[in-house]
Amino acid sequence: MKFKSACIVGSVALGLLSGCSSTPDKKEEKAKAVETTEAEPKTSAQELFIQGNKKLDEKDFPAAIALYDKALERDDQRWDIYMNKAIAHSAKQQFSEAIAAMDRALATGGDKEAQVYFNLGNIYQNRGLYAQSIKAYKTSLAVGDGQSIDTLVNLGGALALMREYDKAVETYNHIRSLAPDDPRPYVGMGVVEQARDNNKLAVEFYEQAQQIDPDFEQAWYNHAAVLADMKRYSDAAQSYRRYLELAPDGPYAKRARASLRRLKSKN
């Protein structure tokens with residue numbers, strides 16, 4: 001199983017799930033039917049929405065936004081279109097536009113949808129507004145069933161970024177009770193312990209994550225970083241190489257290669 005990451009804390013990666021055109025738990029919502037008539041054969045809002053989602057998945061954010069705008073011309077009461085439009089704006093660092101679109105999503109029925117608050121939290125998190133992201137994630141949990149693992153992972157990450165370490169640990173322990181085979185809370189616990197200068201314990205958490213999912217690249221990157229801090233240079237280099245095997249074009253690939261070059265001079 002592959003898990004996504006989307007944040008840096010110091011020299012380590014924190015396991016957050018990026019905003020996407022799905023629910024926090026990656027369940028696909030049922031398509032909404034939009035009626036068209038033979039007299040008006042123009043592309044429906046739903047068809048444009050689907051095309052926009054494809055561009056969003058391809059990371060062609062300007063094209064996605066343009067398609068969502070066209071879809072909203074057909075139906076301006078679709079909270080899901082506004083939500084995905086906000087995600088695309090956030091990916092382009094267009095924060096004001098993203099928040100404006102999220103406001104429209106909430107005003108058109110999205111206030112009853114956990115995924116809207118989840119993605120709102122991600123937008124705040126990407127902007128560095130961690131207190132706001134915490135509030136949004138908590139609202140998402142309250143609106144939903146309170147058991148969304150993805151939302152809890154991101155909540156734990158936001159708490160760690162705010163240095164609310166005890167609350168972050170409490171959240172990660174809750175995730176572990178719900179999903180013991182998910183490596184992300186172990187990585188989160190490792191980040192917390194590393195921030196507390198408990199490097200030995202951090203290594204143990206990262207290695208637990210590796211045991212749960214040997215292909216979870218984030219655990220290898222963080223493992224390498226803390227081993228380098230402990231001057232275990234050979235072991236650190238091995239973990240960086242493993243990370244690059246798993247994610248040669250990953251978000252931390254450049255950092256990993258630069259760290260490997262530095263480590264060569266220490267051996």
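The analysis underlying the following values was restricted to heavy atoms, covering all of them including side chains, and did not include hydrogens, waters or symmetry mates. Keep in mind that what you see is a predicted model, and the values were worked out from it rather than measured.
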If you define the side chain from C-beta out and look only at heavy atoms, does anything of Arg196 sit under 4.5 Å from Val169? yes
Taking atom types as modelled, find out whether Gln94 and His89 have a side-chain donor-acceptor pair closer than 3.5 angstrom. yes
How about Asp182 and Ile212: do any of their side-chain heavy atoms sit closer than 4.5 Å? no
Please check if atom CZ in Arg163 has more than 12 non-hydrogen atoms from other residues, nucleotides or ligands closer than 6.0 Å. no
So, Arg78 and Asp69, do they make that salt bridge, N to O below 4.0 Å? no
Polar side-chain atom of Ser259 near backbone of Arg255 as donor-acceptor pair, under 3.5 Å: yes
Establish, from distance only, whether the side-chain atoms of Gln194 and Tyr206 form a donor-acceptor pair under 3.5 Å. yes
Ignoring hydrogens and angles, tell me if any N or O in the side chain of Ser133 forms a donor-acceptor pair with the backbone of Tyr124 under 3.5 Å. no
Would you say Asn122 and Asn154 are linked by a side-chain donor-acceptor pair, where the criterion is simply a distance under 3.5 Å? yes
Contact between Val143 and Glu113 at the side-chain level, heavy atoms closer than 4.5 Å - yes or no? no
With no hydrogens and no angle check, is any side-chain donor or acceptor of Tyr130 less than 3.5 Å from a backbone partner on Ala160? no
Check for a donor-acceptor pair, side chain of Glu207 on one end and backbone N or O of Glu204 on the other, with a separation under 3.5 Å. no
Are Tyr117 and Asp111 close enough, and set up right, to give a side chain to side chain contact (heavy atoms under 4.5 Å, CB included), and what steps lead you there? CA-CA 8 Å; Tyr117 293 103; Asp111 58 325; 3.5 Å; yes
Main-chain N/O of Gln218 paired to Tyr243 side chain as donor or acceptor, under 3.5 Å: no
Is the cationic atom of Arg257 (NZ for Lys, CZ for Arg) positioned less than 6.0 Å from the six-membered ring centroid of Tyr240 and within 45 degrees of its normal? no
Can a side-chain donor-acceptor contact be found between Asn53 and Tyr68 if the only test is distance below 3.5 angstrom? yes
Using a 3.5 Å distance criterion without hydrogens, assess whether the side chain of Arg104 forms a donor-acceptor pair with backbone atoms of Trp79. no
Any donor-acceptor pair under 3.5 Å from Ser239 side chain to Ala236 backbone: no
pair Arg232-Val226: side-chain heavy atoms closer than 4.5 Å: no
Identify which one of Ile65, Leu67, Ile87 satisfies the side-chain contact (heavy atoms from CB on, under 4.5 Å) criterion when paired with Leu56. Ile87
Would you call Leu178 and Leu152 a side-chain contact if the rule is heavy atoms closer than 4.5 Å? yes
So, Asp76 side chain and Leu72 main chain: donor-acceptor pair closer than 3.5 Å or not? no
Stepwise, does the side-chain hydrogen bond (donor to acceptor under 3.5 Å, both in side chains) test hold for Tyr137 with Gln125? CA-CA 10 Å; Tyr137 292 139; Gln125 187 117 223; 3.1 Å; yes
Can Glu245 and Arg242 be counted as an ion pair, charged N to O under 4.0 angstrom? yes
Residue pair Asn119 / Met102, side-chain heavy-atom distance below 4.5 Å: yes
If you measure only the distance, is there a donor-acceptor pair under 3.5 Å linking the side chains of Glu193 and Tyr165? no
